[in-house]
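Quick notes on the structure that follows.
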2 protein chains.
Amino acid sequence: MHPLLTGLTGGPVRPSHGLLRPLGTDEICITGGFWAHKQRVNSEATLAHCEEWMERIGWIGNFDRAASGTIADHHAGIEFVDSEVYKLLEAMAWELGREPDAALEARYTALVARVAAAQEEDGYLHTSFGRPGQPARYSNLEFGHELYCFGHLFQAAVARLRTGHDDVLPQVARRLADHVHAEFGPSGRAAVCGHPEIEMGLVELSRITGDARHLEQARLFIERRGRGTLRSSSFGPFGDEYFQDDVPIREAETMRGHAVRALYLASGALDVADETGDTALTEAVAQQWANAVGRRTYLTGGAGSHHQDEAYGDDFELPPDRAYAETCAGIASVMLSWRLLLATGAEQYADLIERTLLNNVLASPREDGRAFFYTNTLHQRTPGSVPTEHELSHRAESSLRAPWFEVSCCPTNVARTLASVGLYFATATGSGVQLHQYGDYRIDTQLDAGRIRLQVRSGYPFDGAVEVAVLEAPDAEVDLRLRVPAWAAGAASLSEQPAVDAGTHLELRRVLAPGDVIRLELPIQPRVTWPDRRIDAIRGDFAVEAGPLVMVLESADLPAGWSVNEVEADAASIVAGADGPRVTVTRRADPDAAWPYAPHPARTEREHHTARMIPYHAWANRGPSTMRVWIPQAE
Amino acid sequence: MHPLLTGLTGGPVRPSHGLLRPLGTDEICITGGFWAHKQRVNSEATLAHCEEWMERIGWIGNFDRAASGTIADHHAGIEFVDSEVYKLLEAMAWELGREPDAALEARYTALVARVAAAQEEDGYLHTSFGRPGQPARYSNLEFGHELYCFGHLFQAAVARLRTGHDDVLPQVARRLADHVHAEFGPSGRAAVCGHPEIEMGLVELSRITGDARHLEQARLFIERRGRGTLRSSSFGPFGDEYFQDDVPIREAETMRGHAVRALYLASGALDVADETGDTALTEAVAQQWANAVGRRTYLTGGAGSHHQDEAYGDDFELPPDRAYAETCAGIASVMLSWRLLLATGAEQYADLIERTLLNNVLASPREDGRAFFYTNTLHQRTPGSVPTEHELSHRAESSLRAPWFEVSCCPTNVARTLASVGLYFATATGSGVQLHQYGDYRIDTQLDAGRIRLQVRSGYPFDGAVEVAVLEAPDAEVDLRLRVPAWAAGAASLSEQPAVDAGTHLELRRVLAPGDVIRLELPIQPRVTWPDRRIDAIRGDFAVEAGPLVMVLESADLPAGWSVNEVEADAASIVAGADGPRVTVTRRADPDAAWPYAPHPARTEREHHTARMIPYHAWANRGPSTMRVWIPQAE
C-alpha cells in the first residue's frame, strides 16, 4: 500500500476528510533562511538543553525510579513532568524525521527505553500515581494530569510513526491506549481529565492503527465535558469555566477559561468531528475561533490575558502589560488553526498561524535556544532580572527568559513545534499545492497526475519577495495557490497572469514545467495598526507592523535613561529604515504628582528621538530593558 | 490617673508621640446621617451575619474542638479563620463601646469564653496547629498565619480595653503575648510571620500595659523582615517581594508585593517608630506612602492591581477592569494613613482616608450589610452572577457581592472598620480640635484649658455644607481646624474670618462660646478628572467625581440592551442633576471585525443618551450590570 494511504506519513495531524492534505517530513523540508536557522538552534541547542535539564533535576529519572519501585517518596517535579519528557521525545522524532542523525537516534532510543520500562502490566504509565506510597490512579482527575500526559505520549508516538518507525514508543502507546479504553471507555468511568490533550492523541492513533475504539474514546471525552463532570468528582477553585467544563463544546460561543486547555480541547474536538463527519461540531469550533480571534486575541496572536488562572479574559480585555499570552497557548492556537485550515481550506487560519508563530511563539526562545519566556507580555514596564542559568524558575513575570521552570511546559512545546514547523508551511490536494507560509523550503509530493517538486525561496519575514521554482511537475494542469496575508490584501503582485485573486490567496492553474519560476511580491514596508476602540487598555495607541512581524519599541533603542513608559509618538512619523522601521518618539518629562488624577491633563516638557523598532520576537536579547508594542499616539 | 494618660481610652491606635491625639468612643460619636445609617446596618445586620456564618460553617466551633481535643481532623476552613472570629470580636467591642447593648454584650462574652477555652497552658492559641494530629506550631511561618491571627486577637483585646473593659480577652492576649515573647523574642527564633499584622497589636498592647517587651518584639519583627528571612525557612512561590521580605522596610522605596501585607507592615512599622522615636523609619514609610499614592493607587483609593498574588503592580499599572483593590487593602490603607495623620498632622493623609473609605471600602458591603465584594473592580465588563445566599464563595471576580468566602477576611474587616469609623473623624491636641471627616457627629473631649463639646452636622458626602456648633468650650483660645479636601482647595468658604488658609485646612483661633456656629462650604458639584498619561490603561478616559465621591456609569442607568463597554462621552457634557451627575453618552455600534486591529480606526453608527451617574460605592445594588468609572472621551 502507498504510504500516503496508511496514515504512516504526514505531520502531527492527518484528517481523513479535510479539504487539504498535510505533508510529512518526506514531502516538505526547510532548506535555508530564517526558519532553517531557527530549526538549527532548536536541534543543536534546545533539544540537548531540555534533555540535560530533565536529567539533572530528575524528571527523566522518575521513570527509572518508577520501574525499580523506588518512586514513592522520590518523585521529582509536579505531576505532569512526564509530559515534558514526551514532548521532548516528540521533538526528537520530528527532528530525526527531518534529518536522520545517529547520535540523536541513540539518545532517543535510550530515552524511550527508560520510559517504556516504567509502563505497568496493564498498560498504565505515569510516574506520579498508582504505585505503593503514591496517590491512587485517577484520584485527582482535575489536576492530576494523567490523561494529559498520556496524550503527549500518544503524540510523541504519532511523530515516530509518521516519520516511518513503528518501534518501541508506538507499542507503549498502543498498550496505554488499550488501558485508557478499559478504564474510561463506554463501560468504564464516565470521567474526563482536567486538562484536555489526550483527545488529539487518541484520534491520531486511531487514524494510524484503524482502531475505532480510540476515536470513540476521544469522542466520549469531548462529549462528557462541559457538564460539570469534573466538579462532580472534586472541587474547582477556578470554577468549571477554567476546565471548559461549564458548557458542552458544541454549545459554547467562544474560547474561555484556561487558554491552553481551551485550545487543546477545541483541536481534539475538530479531530473527532473530522472522523465522525460531525460538521455541526466543526462549525461550532470555527465560530468559537472567530469570536476569540476577533475579541480575545493579542496583536501577536497571543491568547490569555489573565495571570491568575492562565485564562482568556472577557471580550476586548487585552491589557498589554498584563498579557499572559503563554507560549503554550500560542502553540495550541497554531494547532487549532492548522486543523481548521486543513478542514476548510480557508487562509484566514494560515494568517493566524503566521502571526502566532512569528510573534508569540518565536518570542519565547532566546536567540541561543537555551532560555524561554513562559508568558509573552506586550509591554514590559520595568527591566526584568536575568535568571541564573542553573536555577529552576517560577513562571516569573519579572524575569527575562529562564532556562527552565517548575512548570516547564513551554520549552519542550517550543522544541516539538520548531522541529516540525515546516510541516505547517504547505499542503496538497489531488490537483495542486497550497503554499501557506513563506521561506526557503522544498516540496516533493504526489498529486493525482504525478509527482511534483517545488523549491520555494524567500527572505521572508524580512523580505516580501517569494520565488517558487518548479523542479518537477506532472504533465497536467496543476493548481498552485499562494496565500496573500490579510495585511497584503490587494497589494500582492504575481509574476504571471492570469491568476485568480481570491482575496486571501492567488491561484494559478496551468501545466508547470521544470525551470518555471513564479514570483510573488508582498508589501512588507512598515505600516501603522490601530486597535478596536473597545480594547480599552490600548485605545489611542498604535502599533507598527512590517509584513508579518509585529514591531516593538525597546529601551535598548532609546537614549540612555529613557524607558518606554514615558514616550509617545505620532503614527505619521513611521518610516522604513535599513534595519527596521524608525519612529520619532517624544519623551514626556511628566512631573511627579502627589496624586495621579487631576482636573486638567498635565502639560510637560518634551524631548524627541528617532528610534529603531525591532521585531517583537527578537526583544529582550540585549539585557534587561523595557518594551512596548502599543505606542501612545501623541496628542 | 486620668484615663487619657493610661492608654485606656482612644481608638485602635494611640501613639505616644504623635502630633494629634485620637479620640475614643467616649469622646466622639456619630449622631446621624450617612454614617449613622452605615453603622446601623453594620450593627443590626453585619455583625449577626458574620457570627451566624462562622457558627454555621464551624469556624467558631474550631475553638470548641480545640478545647475538647477533637480538632485534629475536624478543623473547618483555612488556617487563618481564627482571625475572622477575632475581627468580629473587635467589631463587637467597638460597637459595645459606641452603644452598650446587653444582648450583644452577652453574645460577645459567650464568644470570648469559647475562644479563651482553647488557649493552651503556655499561652499559645491557634486552632490549626500544634495539637496532636495537627502540623507542629510554627512549621509553616510563610503561610500558616499563626502570628497574624495573634495580631488580630491583640487588636480585638485592645478594642475591649480602649472601651473600658479589662476582662477575659485582654487576659488571653497578655498570656499569648508572653508566649510570643518567649518563642520569638531576643533569645527566641529570629523569624517573622508570612503575613504582617502582629506588629500593630503588640505595640498597642505595650502602650496599654506598659510592658516594653511587646514593643521590642514588634520592633524585632519589623527589623528582621526584608532580608529573605522567610525564604530561609521555606520556599516562596511568589518570591520575597510578595512578603515584603525582599528589602528592609527602612530601605524600601515604595509599597510592593501583597497589598494587605505591605500596608499592615507599614502600619506596624509606624507604631514602632512612634514609640522608639525612630523618625528615619517614619520618614521612610511616609515616602513609600507618597510613591504608592502617586503611582500605584486607584481613583477609589483601592490598592493592588494583580489578581494572581493580590499585589501592587508596577508604577502606573492600574488597569480598571483588572483592579483587584481588595477591600482589606483599602482598610489597611486607612490604617496606615491614619497613623501618618496622627504622626505628622498632614491632611493629605485624611484626604486619602476619606477617598478610600467612601469609595473603595464602602463599595464592599451590599446595602443590607449581608454580602460583600472582596475585590473592587473599576470596570465590570460582563454582568456578574448573583451568589446564592447560603453558598461559600471563592473570591470570585465574576460574581456580585457574596455572603461569605472561603477566604473571608473582608466581611469582618468591614465590620470592625464601620463599628469604629467615627474614631477616624477628628483628633485633638492640647490646644484644639481637628475635624478631618465630615458628617453628623459629636465631640466631647478635654483640652489643656478644659472641656470642649462640639456638634458637627452635614449632609456630607452628598452636601458640602458643614456646621460646627459649639456646645461647650473652655474659657480660652481654641484652635479649630477644618480639613479642606484637595479637590476643594481654594474653593472652600468659611462663615467667619480671620481664618488661616493652610491649603489643606482652614484654621480658626479664638475663644469659642456655646451657641457659636461655624459654617464651612465645600464645592461638591460634579467635576471631571483626568488620569496621568502614564496610566496606560485609562489614557484618553475621564472620570467624574462629586465632592469626595467617585461616580460611575452603570448599565442600569442606560437604555435596555446597552453595556458600558460600547459607550464614550464628551467630558464637557457633564452636568449636575437632582440625584447625581448627568453625562451624555454615545453608543458606538462597533462592527464586529474578524480581527480587531486595522490600518484605520473604524467609523461607526452612533446613538446618544443622557445617563445618570451614581456613587461608586452604591453600584451593583440593582442586579447584574456592567459598570465603569473611566469613560472614553469621545473623539
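Chain identifiers are assigned alphabetically (A, B, ...) following the order of the sequence lines, protein sequences preceding nucleic acid strands; residue numbering begins at 1 within each chain. All heavy atoms count here, side chains included; hydrogens, waters and symmetry mates do not.
- Residue contact with chain B, scored on non-hydrogen atoms closer than 4.5 Å, is absent for A:D351.
- When each of B:D315, B:V528, B:D532, B:D536 is checked for heavy-atom pairs under 4.5 Å with chain A, B:D536 comes out on top.
- Taking 4.0 Å as the cut-off between side-chain N and carboxylate O, B:D592 and A:R534 count as a salt-bridged pair.
- Ring centroids of A:W487 and B:Y597 are separated by 6.0 Å or more, keeping the two rings apart.
- Interface summary for chain A: among B:L352, B:N565, B:I535, the most heavy-atom pairs under 4.5 angstrom belong to B:I535.
- Distance NE2/B:H307 to NE2/A:H307: 11.5 Å, rounded to 0.5 Å.
- Residue B:R355 touches chain A through its side chain alone, counting heavy-atom pairs closer than 4.5 Å.
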Exercise for review: Output, in order, the C-alpha distance, side-chain angles, deciding distance and verdict of side-chain contact (heavy atoms from CB on, under 4.5 Å) for B:E317 and A:R381.
Suggested key: CA-CA 8 Å; B:E317 183 188 301; A:R381 292 179 170 275; 3.6 Å; yes
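- The minimum heavy-atom distance linking B:F316 with A:P596 is given by the pair CE2-CB, 4.5 Å.
- Contacts of B:D541 with chain A are made by side-chain atoms alone, with heavy-atom separations under 4.5 Å and no backbone atom involved.
- Residue contact with chain A, scored on non-hydrogen atoms closer than 4.5 Å, involves the backbone and the side chain of B:L299 alike.
- Of the atoms belonging to A:F542, not a single heavy atom falls under 4.5 Å from chain B.
- Between B:E566 and A:R533 there is no salt bridge, since no side-chain N of the basic residue sits under 4.0 Å from a carboxylate O of the acidic one.
- Only the side chain of A:E568 comes within less than 4.5 Å of a heavy atom in chain B; its backbone stays farther off.
- Comparing B:G540, B:A594, B:A537, B:A598 by heavy-atom pairs within less than 4.5 Å of chain A, the highest count is held by B:A598.
- Proximity to chain A (any heavy atom under 4.5 Å) is restricted, for B:H379, to the side chain, taken from C-beta onward.
- Looking at B:R527, there are no atoms closer than 4.5 Å to chain A (heavy atoms on both sides), in backbone or side chain.
- Of the atoms belonging to A:V293, heavy atoms from both backbone and side chain fall under 4.5 Å from chain B.
- Contact annotation for B:Q348: neither backbone nor side-chain heavy atoms come within less than 4.5 Å of a heavy atom of chain A.
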